[in-house]
Amino acid sequence: MSINPQTLLLVNGYVVALAAFTFIVNSLLARSDAIAKTWSLAFVAGILTTLSYAVYSFTPEAWWTVAVGNAAVTLSVAAMWSGCRQFNDRPSLLWVSFAASAVVGMSALFEGSDGGAWAGGAAMFVLIAAFAALASTECVRDQLRASRNARPLAGVFMLLSAYYS
């Protein structure tokens, strides 16, 4: 069986959107705190990533969508780190997440259409690896350390960091 990239992107987008919708609705119904808002931002950035890559997949002339997608995926991981910091009663440093995302987006835009699907990839890989490692570290300290869910999440972040490294 062979699945083309467009179909894979659409199915991936559906899964990300469904997970994001579920999390955001649950956050709004249960409590609307700063941590939930930061993690919701990570999910929204994930949706934007999928949409951006899908647009590029169908319309390669829209090369700028690679910059949007790469910046958004960086923001997604960085916002997860920011939310983990908030959970541990530390300042979120969300501005750092936005700054890193801007660096990746500008890097991809600087390469322009010649950069293709990997425009800004070097900056994106380094920053995602760094933020994933930082998020993993946050998951095993302070209040998150007491959560059973944080340990597997730390492992996922470690794998993500290793992959992007």
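Considering all non-hydrogen atoms of both residues, Ala119 and Gly112 come closest at CB-O, 4.4 Å. Here the closest non-hydrogen pair linking Ala129 and Ser161 is O-OG, 2.8 Å.
Between the Thr49 side chain and the Ala45 main chain, a donor and an acceptor come within less than 3.5 Å of each other. The backbone N or O of Asn70 lies less than 3.5 Å from a partner atom in the side chain of Thr74, making a donor-acceptor pair. Looking at Ser76, its side chain never comes within 3.5 Å of a backbone N or O of Ala72 through a donor-acceptor pair. Using modelled atom types, one side-chain atom of Ser101 and one backbone atom of Ala71 make a donor-acceptor pair closer than 3.5 Å.
By the rule that hydrophobic residues join a cluster once side-chain heavy atoms approach within less than 4.5 Å of another member, Trp95 and Met106 end up as members of separate clusters. Tracing side-chain contacts under 4.5 Å through hydrophobic residues (I, L, V, M, F, W, Y), one reaches Leu160 starting from Met124; they form part of the same cluster. Placement of Tyr163 and Val126 in two distinct hydrophobic clusters is found when ILVMFWY residues are connected by side-chain heavy-atom separations under 4.5 Å, directly or transitively. Clustering ILVMFWY residues whenever any of their side-chain heavy atoms sit less than 4.5 angstrom apart, transitively, puts Leu48 in a cluster other than the one holding Met80. When the side chains of ILVMFWY residues are joined at heavy-atom separations under 4.5 Å, either directly or via intervening members, Val103 and Phe125 end up in a single hydrophobic cluster.
The shortest side-chain heavy-atom distance between Leu109 and Trp63 falls under the 4.5 Å cut-off. Considering only heavy atoms from C-beta on, Tyr53 comes within 4.5 Å of Val73 through its side chain. The shortest side-chain heavy-atom distance between Phe98 and Leu41 falls under the 4.5 Å cut-off. Asp89 places none of its side-chain heavy atoms less than 4.5 Å from the side chain of Asp142. The shortest side-chain heavy-atom distance between Arg85 and Pro91 falls under the 4.5 Å cut-off.
To the nearest 0.5 Å, atom CG of residue Leu134 and atom CZ of residue Phe157 are 10.5 Å apart. For the atom pair Thr137 OG1 and Met158 CE, the distance stands at 9.5 Å (nearest 0.5 Å). Considering OG of Ser147 and CG of Leu153, their distance stands at 8.5 Å, rounded to 0.5 Å.
No donor-acceptor contact under 3.5 angstrom links the side chains of Ser82 and Thr38, judged on distance only.
Relative orientation of the Phe131 and Trp81 rings is tilted, given thresholds of 30° and 60° on the angle between their planes.
The side chain to side chain donor-acceptor pair (under 3.5 Å) test with Glu138 singles out one residue from Gln86, Arg90, Gln143, and that residue is Arg90.
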